[in-house]
S.K.: 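Okay, handing you the structure first.
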Amino acid sequence: GESVGLHLPTLSVQEGDNSIINCAYSNSASDYFIWYKQESGKGPQFIIDIRSNMDKRQGQRVTVLLNKTVKHLSLQIAATQPGDSAVYFCAPVGQNTGNQFYFGTGTSLTVIP
Amino acid sequence: NAGVMQNPRHLVRRRGQEARLRCSPMKGHSHVYWYRQLPEEGLKFMVYLQKENIIDESGMPKERFSAEFPKEGPSILRIQQVVRGDSAAYFCASSPTGRGDTQYFGPGTRLTVL
């Protein structure tokens with residue numbers, strides 16, 4: 001069946017602090033995970049992805065951690081900036097998720113200056 | 001290196017009119033997906049197309065909605081006889097290959113039905 005990324009709805013952090021956004025998924029057959037960022041009035045923007053044969057992947061100021069045992073992944077943003085304020089979605093993908101991505105409502109990150 | 005393009009960005013229609021939303025995928029991408037996003041909600045899949053073929057329309061309402069991706073030109077999402085409940089942001093995404101590949105999204109078309 002479908003595997004939906006489940007998030008806490010809101011997160012507020014102080015500018016300069018690190019942010020951690022969590023996502024739980026339900027389908028153990030998910031083998032590829034993508035994080036998107038959606039700013040107000042814009043389309044989702046690809047941030048970083050990770051495959052199930054990895055447990056950590058780093059990008060520029062972002063790190064994604066994957067724990068397949070508990071079906072959980074997190075997106076860590078270092079030194080959070082005002083421009084990071086957005087809604088963040090994780091999209092789990094697998095053999096039985098079909099052709100579409102299933103998004104939850106995401107986590108709305110607010111950076112406090 | 002243009003990304004996914006959608007037009008119009010904003011569309012206003014009166015109840016009963018038709019809405020046509022266009023999507024040009026990224027260069028080299030032959031797979032197109034349409035999603036709808038209601039206010040304060042996540043994106044909901046509608047339809048997946050390849051050139052000249054509808055692959056999966058399981059998320060599309062059975063009536064009034066149709067989609068195409070012709071051999072030449074953009075993909076079109078068509079909504080006939082719009083109702084207020086159709087007001088939403090409609091996003092198009094494209095990918096170079098199909099199932100499981102990263103999808104890249106356009107800026108969306110915001111449809112308002114008066």
Side-chain angles (χ1 to χ4, degrees), chain A residues 1-10 21 23-27 29-54 57 59 64 86-110, chain B residues 2-7 9-10 21 23-26 29-50 53-60 67 69 88-112:
Chain A
E2 62 189 56
S3 178
V4 180
L6 305 174
H7 301 252
L8 291 178
T10 61
I21 299 170
C23 177
Y25 61 98
S26 58
N27 195 324
S30 297
D31 56 9
Y32 178 50
F33 306 85
I34 307 173
W35 280 97
Y36 288 92
K37 169 187 179 184
Q38 186 177 24
E39 296 175 82
S40 181
K42 297 184 178 180
Q45 177 186 0
F46 171 86
I47 303 174
I48 192 168
D49 58 5
I50 188 168
R51 298 211 174 262
S52 59
N53 60 353
M54 305 170 69
R57 189 166 189 213
V64 57
V87 178
Y88 290 80
F89 299 95
C90 76
V93 183
Q95 288 295 322
N96 54 357
T97 53
N99 304 295
Q100 63 270 39
F101 287 174
Y102 291 93
F103 297 88
T105 51
T107 293
S108 177
L109 174 66
T110 301
Chain B
V4 178
M5 299 174 68
Q6 290 186 248
N7 68 82
R9 296 293 309 278
H10 300 273
L21 288 63
C23 169
S24 296
M26 286 179 71
H29 289 192
S30 59
H31 300 253
V32 165
Y33 313 79
W34 285 93
Y35 292 81
R36 176 164 63 178
Q37 186 175 36
L38 295 170
E40 308 302 322
E41 293 188 11
L43 295 97
K44 305 291 186 192
F45 168 79
M46 299 180 74
V47 61
Y48 162 43
L49 310 102
Q50 286 181 265
N53 288 303
I54 296 175
I55 307 301
D56 180 352
E57 56 182 349
S58 59
M60 198 138 78
F69 189 15
Y90 292 83
F91 291 96
C92 167
S94 72
S95 67
T97 62
R99 184 188 296 270
D101 201 5
T102 301
Q103 297 177 16
Y104 296 90
F105 285 81
T109 293
R110 275 145 190 86
L111 172 65
T112 302

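Naming: A, B, ... by sequence-line order, numbering from 1 per chain. Fair warning: this is a prediction, and the values are worked out from it, not measured in the lab.
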S.K.: Taking all non-hydrogen atoms of both residues, which atom of A:Pro44 and which atom of B:Phe105 are closest, and how far apart?
M.R.: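 Where A:Pro44 meets B:Phe105 most closely, the heavy atoms are O-CB, 3.3 Å.
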S.K.: Got B:Gln103 and A:Tyr36 here, is their nearest side-chain heavy-atom distance under 4.5 Å?
M.R.: yes
S.K.: With a 4.5 angstrom heavy-atom cut-off, which part of A:Gln38 approaches chain B: side chain, backbone, both or neither?
M.R.: side chain
S.K.: Report the distance from atom OG1 of B:Thr102 to atom CD1 of A:Ile48, rounding to the nearest 0.5 Å.
M.R.: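 It comes to 11.5 Å.
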S.K.: With a 4.5 angstrom heavy-atom cut-off, which part of B:Gln6 approaches chain A: side chain, backbone, both or neither?
M.R.: neither
